[in-house]
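Computed from a predicted structure; not experimentally measured.
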Amino acid sequence: MASTQTALFKKFNPKEDIAGQTQLKSSVQRAVRSKILEQFPALAPHIDDLLPKKSPVFLVKCLDRVSLISVNNETLFFNSFDGPYYPTLRVLHRFPDIMPKVQVDRGAIKFVLKGADVMCPGLTSPGGRLPDEDLPCETIVAIMAEGKEHAVAIGLTRMTVSSIKSVNKGTGLLNVHYLNDGLWKSLF
């Protein structure tokens, strides 16, 4: 399943790719809130700002079984095939400490911004940085760029951090959402 999640929004066009939207019942909103808080416990102090209890929350269904969670015409989270929720980069820029960070070197930046997956050498070279803790496979991470302040993408680890360091070959992270992809450009 993880391989189908790479660059979900590379050619995303809201006018063509949105199949429909429905307002979530309050019980479903609570379930979404609890699942998001379970995945991102650091969001607990801010969850009422992101998903207010009195504001309508919409589930926007897109093609390829992608769902967006939207409040006040702002997309906040998305998931694919009923999998884990990912925050959008706009949410990650507002709350940068909600997930582990990895850093790619300068040479990988232009490829990441075009939707390419991150190769292990881009994470282990002198400009790259991996977290000290050994993250398991399929962990959602913020992809930072050498010399940049904000995250440039959101990814999913393809192997553990210790494997990335030891193997140092192949794809280390799947690029799921990146700056200037279709979701970033869309208002919805």
Using the rule that Ile, Leu, Val, Met, Phe, Trp and Tyr join whenever any side-chain heavy atoms are under 4.5 Å apart, tell me whether M119 and L113 fall into a single cluster. no

Are L37 and I140 in one and the same hydrophobic cluster, where Ile, Leu, Val, Met, Phe, Trp and Tyr link if side-chain heavy atoms are under 4.5 Å apart? yes

So does R33 pair up with D48, basic N to acidic O under 4.0 Å? yes

Would the distance check show the side chain of Q21 and the main-chain N or O of F58 forming a donor-acceptor pair, the cut-off being under 3.5 Å? no

State, with a plain yes or no, whether a side-chain heavy atom of V176 is found less than 4.5 Å away from one of F78. yes

Identify the heavy atoms of E133 and P100 that sit nearest to each other, and give their distance. OE2-CB, 4.5 Å

Is any side-chain heavy atom of S67 less than 4.5 Å from a side-chain heavy atom of V60? no

Checking D105 side chain against S125 main chain: does a donor-acceptor pair fall under 3.5 Å? no

Spell out, as yes or no, whether a donor-acceptor pair under 3.5 Å connects the side chain of D17 to the backbone of L63. no

Side-chain touch K165/L130, heavy atoms, less than 4.5 angstrom: yes

Verify whether one side chain among S163 and S166 offers a donor that lies under 3.5 Å from an acceptor in the other. no

Mind checking the CG-CG spacing from D181 to L89? Nearest 0.5 Å is all I need. 7.0 Å

Pairing of R94 and E74 as salt bridge, 4.0 angstrom limit: yes

Between K53 and S26 (side chain of the first, backbone of the second, donor and acceptor by atom type, cut-off under 3.5 Å), is there such a pair? no

Could you tell me whether F111 atom CZ has more than 12 heavy atoms of other residues or ligands within 6.0 Å of it? no

Going through the checks in order, is the side chain to side chain contact (heavy atoms under 4.5 Å, CB included) test met by L68 and C62? CA-CA 8 Å; L68 311 174; C62 304; 3.8 Å; yes

Mind checking whether V28 and V57 sit in one hydrophobic cluster, side chains of I, L, V, M, F, W, Y counted as touching below 4.5 Å? yes

Measure up the W184 and H93 rings against each other and bin them: parallel (under 30°), tilted (30 to 60°), perpendicular (over 60°). perpendicular

Linked, directly or transitively: M144 and V91 (ILVMFWY side chains, under 4.5 Å): no

Are any of the side-chain heavy atoms of M159 and C120 separated by less than 4.5 Å? yes

For residues A142 and M99, report the shortest heavy-atom separation together with the two atoms involved. N-SD, 3.3 Å

Can you check whether T75 reaches I69 side chain to side chain, under 4.5 Å on heavy atoms? no

Tell me the closest heavy-atom pair linking T157 and P136, and the distance in Å. OG1-O, 2.9 Å

Less than 6.0 Å separating the ring centroids of F9 and Y178? no

Does D64 reach the main-chain N or O of V66 with its side chain, forming a donor-acceptor pair under 3.5 Å? no

Report the residues that fulfil salt bridge (Lys or Arg N to Asp or Glu O under 4.0 Å) with K114, sequence neighbours left out, ordered by chain and then residue number. none

State the CD-OG distance between Q29 and S34, to the nearest 0.5 angstrom. 12.0 Å

So, applying side-chain contact (heavy atoms from CB on, under 4.5 Å) with L173, which one of I154, V141, T139, V112 is it? V141

Closest heavy-atom pair, I164 versus G172, reported as atoms and distance to 0.1 Å, is CD1-O, 3.9 Å

With a 4.5 Å limit on heavy-atom distance, are the side chains of V102 and P131 in contact? yes

Is it the case that atom CD in E149 sees more than 12 heavy atoms from other parts of the structure closer than 6.0 Å? no

Approximate separation, where rounding is to 0.5 Å, of L179 CG and K185 NZ: 11.0 Å

Is there a side chain to side chain contact (heavy atoms under 4.5 Å, CB included) between E146 and V104 once you walk through the steps? CA-CA 6 Å; E146 181 182 7; V104 296; over 6 Å; no

Run the side chain to side chain contact (heavy atoms under 4.5 Å, CB included) test on L50 and F95 for me, step by step, so that the C-alpha distance in whole Å, both residues' side-chain angles and the decisive distance to 0.1 Å come before the verdict. CA-CA 11 Å; L50 282 173; F95 308 107; 3.9 Å; yes

Hey, what do you get for CG (D117) to CG (L174), rounding to the nearest 0.5 Å? 5.0 Å

Side chain proximity check, T88 to F77, heavy atoms < 4.5 angstrom: no

Aromatic contact, Y86 with H177 (centres under 6.0 Å): no

Do NZ/NE/NH1/NH2 and the carboxylate oxygens of R65 and D82 come within less than 4.0 Å? yes

Donor-acceptor pair, distance only, cut-off 3.5 Å: does the side chain of Q103 make one with the backbone of G128? no

Check against side chain to side chain contact (heavy atoms under 4.5 Å, CB included), V71 and L76: CA-CA 7 Å; V71 176; L76 302 174; 3.9 Å; yes

Taken in chain and number order and not counting sequence neighbours, the residues that satisfy side chain to side chain donor-acceptor pair (under 3.5 Å) with T171 are none

